[in-house]
Undergrad: 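Dropping the structure in here first, questions after.
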Amino acid sequence: MKWLCSVGIAVSLALQPALADDLFGPHPMTTQARDAFVTSLLKKMTVDEKIGQLRLISVGPDNPKEKIREMIKEGHVGAIFNTVTRPDIRKMQDQVMQLSRLKIPLFFAYDVVHGQRTVFPISLGLASTFDLDAVRTVGRISAWEAADDGLNMTWAPMVDVSRDPRWGRVSEGFGEDTYLTSIMGSTMVESMQGKSPADRYSVMTSVKHFAAYGAVEGGKEYNTVDMSPQRLFNDYLPPYKAGLDAGSGGVMIALNSLNGTPATSDSWLLKDVLRKEWGFKGITISDHGAIKELINHGVASDPQDAVRIALKAGIDMSMGDEYYSKYLPGLIKSGAVTMAELDDATRHVLNVKYDMGLFNDPYVHLGPKGSDPVDTNAESRLHRKEAREVARESLVLLKNRLHTLPLKKQGTIAVIGPLADSQRDMMGSWSAAGVASQSVSVLQGIKNAAGNSAHIVYARGANISNHQGIIDFLNSYEKAVQQDPRSPQAMIDEAVNTAKSADVVVAVVGESQGMAHEASSRTNITIPQSQRDLIAALKATGKPLVLVLMNGRPLALVKEQQQADAMLETWFAGTEGGNAIADVLFGDYNPSGKLPMSFPRSVGQIPVYYSHLNTGRPYNPEKPDKYTSHYFDEANGPLFPFGYGLSYTTFQVSDVKMSSPVMKRDGTVTASVTVTNTGDREGATVVQLYLQDVTASMSRPVKMLRGFKKVTLKPHETQTVSFPVDINALKFWNARMQYVAEPGKFNVFIGLDSERVKQGSFDLL
Ligand code: BGC
């Protein structure tokens with residue numbers, strides 16, 4: 001009972017010393033040792049105890065703490081989610097150690113997606129940094145804080161490629177691009193898991209939502225996904241694979257169906273692809289309630305059927321519903337589910353518990369009793385400096401007419417808008433254990449930066465929306481949106497008067513955090529009308545107008561782009577958002593963020609993504625022709641393309657230099673450009689490499705991101721940026737589902753966004 005001594009727990013806990021003695025550590029962290037350990041443990045377990053391990057529950061009205069304690073005692077719970085403080089977690093783990101027969105530790109999980117206590121920008125904002133060091137910072141600190149709260153696992157990263165901004169969950173991922181999502185997701189896995197998820201300050205990740213949840217039809221939440229195997233394997237699956245290759249111990253299975261089969265019942269996906277082809281050894285976890293939902297999907301006739309199908313398909317652990325616990329005993333008895341199948345699932349759960357170090361020390365992330373923080377929300381537990389640094393890197397300057405920005409710290413600045421003074425919205429969705437009152441609003445950030453040098457005046461100007469149905473929806477689970485009872489006109493009048501008294505207007509507009517979340521699909525991706533009316537009224541004052549946008553998805557901003565003198569996309573920037581935004585507005589930080597999703601002009605254009613196929617009749621805006629692929633009632637292409645973002649300085653990219661006109665299959669070619677800062681202040685930008693397989697056995701995208709580098713240059717400084725390309729960057733799944741790189745011509749494009757690029761080429765021999 002070494003772990004007992006090491007954590008100083010009273011030894012009266014040892015109710016079953018004979019059973020427990022040989023089970024608990026220290027254990028060598030090798031696969032062989034783990035397998036032997038788990039095999040021996042499985043032999044000691046009853047059917048009920050095995051089934052208990054597959055159950056993941058959260059404390060809530062259906063499962064109050066007392067009820068959970070009973071279940072724990074009986075060995076009927078494998079893991080807990082949504083319990084996030086050390087004292088609460090400790091009590092539950094104590095329960096296992098004191099009262100359960102086998103003392104198999106629980107693991108504790110939570111949605112630590114963009115921070116735990118310190119909230120960083122939403123993932124779409126993090127993607128805008130195009131900076132893997134920023135991802136590492138977020139991953140490491142989030143894991144550190146999560147582990148410091150006693151957690152062992154996070155339901156992150158979310159790596160669903162998404163090309164439809166109607167879907168609210170685009171906010172949780174890294175955008176539309178397969179390469180960017182893969183590299184950001186795998187970096188997140190590496191930084192959260194650290195050397196080992198068993199380390200004191202690391203957590204295990206679970207890549208989600210496998211698979212292709214980001215492609216729900218019409219961007220409608222939980223909807224059907226239907227796509228060709230080529231698109232699935234070329235565009236949608238690589239980020240999950242990258243996360244698993246980086247060592248993620250878990251994978252969460254999507255709620256949607258894929259080509260008619262719900263992911264939760266898809267043995268091809270969960271066994272053939274995940275286990276056999278990819279060699280995944282970790283744990284599969286259903287999404288919340290997904291097993292039950294097999295009945296609604298129409299693939300299971302009743303609860304027993306749903307459980308049988310899910311377990312046989314390869315769902316190890318069931319989140320949120322009671323179906324496994326209720327129906328597996330009967331299914332085992334009848335032989336409909338075999339003991340070998342139950343053992344398989346249980347083994348996966350025990351494996352990850354072993355990997356989390358819980359059999360060495362069930363209190364690995366709790367430390368000794370008495371060490372719990374006195375104040376869970378203490379300011380000292382936050383990482384504000386890092387949060388501010390990452391947040392300012394995530395901001396994307398979309399427009400800056402006549403150097404409206406940066407603002408001077410002088411005169412009177414009017415800060416207006418329903419989001420200007422909002423701490424809650426700054427945190428974004430899935431803000432974990434973050435506390436809204438600890439976040440910095442834009443108004444506060446501007447005040448902090450301006451100090452006594454400028455006079456700041458404020459008016460709310462509008463409510464988020466005047467549509468009662470929308471407000472009721474946003475407030476349906478928590479009172480997330482506060483409505484000002486004044487009439488819209490009264491609020492606008494006040495805002496206009498405030499604007500008139502100022503030298504410049506900063507309007508903070510967009511979406512409340514609940515508009516870009518799970519279950520928040522929109523048919524209309526404009527700024528709500530109440531705020532558009534406000535913007536029009538502010539524009540009419542003739543004052544310089546800066547729009548600070550807060551939103552969790554690309555918005556259609558055609559009108560606003562005409563009205564605004566400057567526009568800064570800030571997503572939901574997290575705990576230090578207001579300070580970071582003020583850093584950029586006043587030029588204390590020169591913006592360098594780039595869009596990880598194309599911004600469409602209207603909903604009718606969706607999907608708009610840069611990596612599309614050429615079609616047989618590509619549209620050429622310089623030589624428009626009726627019978628080409630386009631819409632005739634609107635300008636074509638995105639309003640702002642993927643990879644786009646301005647700086648307070650300007651950059652010039654040279655022509656592309658290729659190290660060779662040909663590449664051997666086992667060789668590389670290097671594409672280089674020089675980048676020069678042609679402005680008069682230091683700045684950073686993201687140099688982007690795109691490839692195109694010009695002629696292949698099937699049609700390939702017009703451009704595919706295959707590399708990027710963030711460079712910081714002093715005024716007039718020049719730097720050479722080189723991208724080596726090897727055969728792996730050229731491979732794709734062809735029409736026969738072979739993974740190949742085909743000989744022939746490849747175009748190489750390098751630029752500072754996906755549209756304005758310089759071109760080179762080479763031939764693959
Ligand atoms: C979401 C998951 C999340 C889970 C637990 C589900 O509704 O789809 O992404 O991890 O809830 O909070």
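Whatever order the structure lists them in is the order used to number ligands and atoms, beginning at 1. Residues take their numbers from the sequence shown, with the count starting at 1.
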Undergrad: Only counting residues at least two apart or in another chain, list the ones meeting side chain to side chain donor-acceptor pair (under 3.5 Å) with T575.
TA: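 So T575 forms no side chain to side chain donor-acceptor pair (under 3.5 Å) with any residue.
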
Undergrad: If I compare all heavy atoms of M188 with all of V135, which pair ends up nearest, and what's the gap?
TA: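 Distance-wise, the nearest heavy atoms are N-CG1, 3.8 Å.
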
Undergrad: Holding to salt bridge (charged side-chain N to carboxylate O under 4.0 Å, His left out), I want the full list of residues that pass it with E518, two or more places apart in sequence or in another chain.
TA: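 R169.
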
Undergrad: Please collect all ring pair (Phe, Tyr, Trp, His ring centres under 6.0 Å) contacts where either partner lies in residues 164-185, sequence neighbours excluded, each pair once.
TA: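 Only W167-Y213 qualify under ring pair (Phe, Tyr, Trp, His ring centres under 6.0 Å).
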
Undergrad: D316 and salt bridge (Lys or Arg N to Asp or Glu O under 4.0 Å): which partner among K353, R347, R275?
TA: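 With D316 as partner, K353, R347, R275 yield a single salt bridge (Lys or Arg N to Asp or Glu O under 4.0 Å), made by R275.
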
Undergrad: Taking the six-membered ring where the residue is Trp, are the ring centres of F81 and Y110 under 6.0 Å apart?
TA: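 Centroid separation for F81 and Y110: 6.0 Å or greater.
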
Undergrad: At a heavy-atom distance under 4.0 Å, which protein residues reach ligand 1? Sort them by chain and number, would you?
TA: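 Under the 4.0 Å cut-off, ligand 1 touches F81, D111, W155, R169, K208, H209, M252, D287, H288, M319, W430, E518.
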
